[in-house]
Amino acid sequence: MVFDFDIRWDVVTVAMTVLSWSLLAYLIYRTYQKNGKLGKRRVAVITTLVGIFSFTFNFPLLGVVARIPLLPLGVWILYAIYKQKAGRWETYRTFAWLGFFANFIFIAALLAGVWLHGWLYPKDEAATYMADLSEAAIVKLHPSAEERMLNSKVLQDQHDQWERAAILNQAWYREASPSREGGRSVERFPYLLAEVSSKWGSGVHAVIYIEKDGKGFLVDSGDQQHYFRLPASVFLEVDDEN
Amino acid sequence: MKIKMSYKGKLLLVALGLMVALGGVYWFFAAPPSSFPAEAELVERLNQSFRKSNAAKIQAVISLDDEHKYVPFISQGGNYSKSYWVWKKHQWQVARVVTSGAPEVWRIDPLEPTRDVVVWNLDPRDQVDHFVFYLFRDRYYRTSYDVPYYYPEVQLKSKTVSSGEQTYGRMAMPQEWTLFLQELQAASPQRRAGGMFSFLHTQNPQQTGIGWMPYDPQGNGTTLEHSWKGSGFTTGGEEIHLVELFTEDDLK
């Protein structure tokens, strides 16, 4: 099913869930009409819902896990129950299989959702993670950093000038660590950019670290990281620059 | 007619039974706490849970929230000790008791690391004059399937805490820390029920840890003799971890 409480909810997931269930409801209605309105409506609905139940196996697709149905357990259970009364199975059989088929509707909705989400909220674009910068503020995370204030205007004015750059993780790590003679370590990304909203409905949230030159932004969304740079530093000018 | 009534009657009985069952479940798991036991009973319960605690004198009952209490006490052997109490399954349970007083962090809400509390009960013989706590995360990098990751080093200081009149004390997460902790939590894909992400930063380098630096009256960093020595036990379920002792080298 599309329902997965482990995943953070977003606009696309909500829309796909509503769509797939609406489609199923419509199909139940149409099947009922076509069948000459045989049998009870309520039983038809419940039959369909039970028919959804299957033995599935998880298959990773496009970065998400699809639950592919292998065995129609629900249909089998219904068969066992309905066969006990003459004619019952024949009346509701279509609904049972409709329920099983619904699993594929959900998979299609899942994949369509992944595509749509990627289209609306591109994971490799800075704007996805930093859509609303009006409340942004800086928090110093490392003692080696200077006290800095955010120049909100400079940040917002450059909102379309983000450039992607490579994460040189090993190099950054080595540069920062103190030499053997001792001395303090100097962190390359010693600031946190807080109070930033990602694009509405994306269900995405990232921790954003600012580079000590005020131009680099390391965006960590949990499972991914991206590094963006701006032409001008977003720090407020300080007169006593050394 | 007779059959109809009896059916209704049966239905009512089932409904009633269900309500009673639900009520029972609520009472057991969710009902708000009754009053905390008095001193004498606390001493008895502590000694029952852990015989070596030899609790002699309860120093205080500190409420961390409605269902979590920190009770520092002194053992008969003169150990400044800590006990942690939690309201679970309709009773106050001893979540942990230990006969040493070095600071520990208690995650009272696995879903809200910003509500972590640091508690301590420092032995006066260690002569700790004041101390500072640090939220830290070690610098770390990794490469997974050719995708690079870098985790900046973090070290945030708390305000200096003076050893006051009391040997015991507690500290909630400072605001600067919570700003960062909240961001981490919002982005983490492990943000799900059950608090599954590990608190132990040594096993999970991307996680934050808490350290502290105690100072003697002359302002020198001090290592403690007495506040470490002791034994204790923790019942399953509560996340309580030692606060790391920093030395000058650890300060970035």
Side-chain angles (χ1 to χ4, degrees), chain A residues 4-8 124 129 136-145 165-178 182-198 203-212 216-227, chain B residues 111 113-114 132-158 173-197 204-209 211 213 246-252:
Chain A
D4 188 337
F5 295 110
D6 283 350
I7 296 178
R8 188 172 306 142
D124 55 359
Y129 308 99
I138 288 182
V139 176
K140 193 169 101 158
L141 295 176
H142 199 269
S144 70
I167 294 177
L168 306 170
N169 56 350
Q170 199 170 358
W172 292 344
Y173 183 90
R174 293 234 173 93
E175 280 165 13
S177 303
R184 301 290 185 216
S185 75
V186 178
E187 176 51 55
R188 191 187 194 92
F189 295 90
Y191 305 98
L192 172 75
L193 185 64
E195 304 295 317
V196 168
S197 306
S198 55
V204 159
H205 189 99
V207 185
I208 304 166
Y209 302 94
I210 310 181
E211 199 164 340
K212 58 179 177 350
F217 295 75
L218 180 64
V219 174
D220 188 338
S221 67
D223 51 355
Q224 292 183 1
Q225 283 189 349
H226 305 272
Y227 177 46
Chain B
L111 296 179
T114 53
V132 182
F133 291 105
Y134 294 88
L135 177 72
F136 71 93
R137 183 183 68 189
D138 293 330
R139 186 173 298 112
Y140 178 65
Y141 78 95
R142 65 184 171 99
T143 307
S144 250
Y145 300 106
D146 291 335
V147 177
Y149 297 84
Y150 175 78
Y151 300 93
E153 187 172 77
V154 173
Q155 193 175 84
L156 294 169
K157 231 172 130 167
S158 76
M173 299 285 101
Q175 204 203 5
E176 265 198 341
W177 296 16
T178 60
L179 279 175
F180 178 55
L181 289 172
Q182 270 165 358
E183 294 284 334
L184 278 184
Q185 202 198 350
S188 168
Q190 294 138 309
R191 186 184 68 122
R192 58 180 79 169
M196 295 299 290
F197 61 96
N204 219 330
Q206 295 146 251
Q207 296 305 319
T208 55
M213 183 89 180
F246 273 13
T247 59
E248 275 295 315
D249 288 338
D250 293 308
L251 295 183
K252 304 293 172 188

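Below, each value reflects all heavy atoms present in this structure, side chains not excepted, and no hydrogens, waters or symmetry copies. So you know, we letter chains A, B, ... as the sequences are listed, proteins then strands, and number each from 1.
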Worksheet item: Of the backbone (N, CA, C, O) and the side chain (C-beta and beyond), which part of Ala166(A) lies under 4.5 Å from a heavy atom of chain B, both, or neither?
Response: neither
Item to complete: Drop me the distance from Leu179(B)'s CG to Ile138(A)'s CD1, to the nearest 0.5 angstrom.
Response: 13.0 Å
Response to the item:
Applying a strict 4.5 Å limit to non-hydrogen atoms, the region of Ala206(A) in contact with chain B is backbone
Worksheet item: In terms of heavy-atom proximity below 4.5 Å to chain B, should Gln224(A) be classed as side chain, backbone, both, or neither?
Response: backbone
Worksheet item: Do Pro152(B) and His142(A) have side chains that get closer than 4.5 Å, going by heavy atoms?
Response: no
Worksheet item: Under a 4.5 Å heavy-atom cut-off, does chain A meet the side chain of Val154(B), its backbone, both or neither?
Response: both
Item to complete: Please round to the nearest 0.5 Å and tell me the distance separating atom CD of Glu183(B) and atom CD of Glu195(A).
Response: 7.0 Å
Worksheet item: Counting only N and O atoms by type, is there a donor-acceptor contact under 3.5 Å from the side chain of Tyr140(B) to the main-chain atoms of Tyr173(A)?
Response: no
Response to the item:
Given Ile208(A), Leu218(A), Asn169(A), the one with more heavy-atom pairs under 4.5 angstrom with chain B than any other is Asn169(A)
Worksheet item: Is there a side chain to side chain contact (heavy atoms under 4.5 Å, CB included) between Asp220(A) and Tyr151(B) once you walk through the steps?
Response: CA-CA 9 Å; Asp220(A) 188 338; Tyr151(B) 300 93; 3.4 Å; yes
Practice prompt. Look at the rings of Trp172(A) and Tyr150(B) and say which category their plane angle falls in: under 30° parallel, 30 to 60° tilted, over 60° perpendicular.
Written response: perpendicular
Response to the item:
Okay, Val139(A) and chain B: the region with an atom under 4.5 Å from a heavy atom over there is side chain
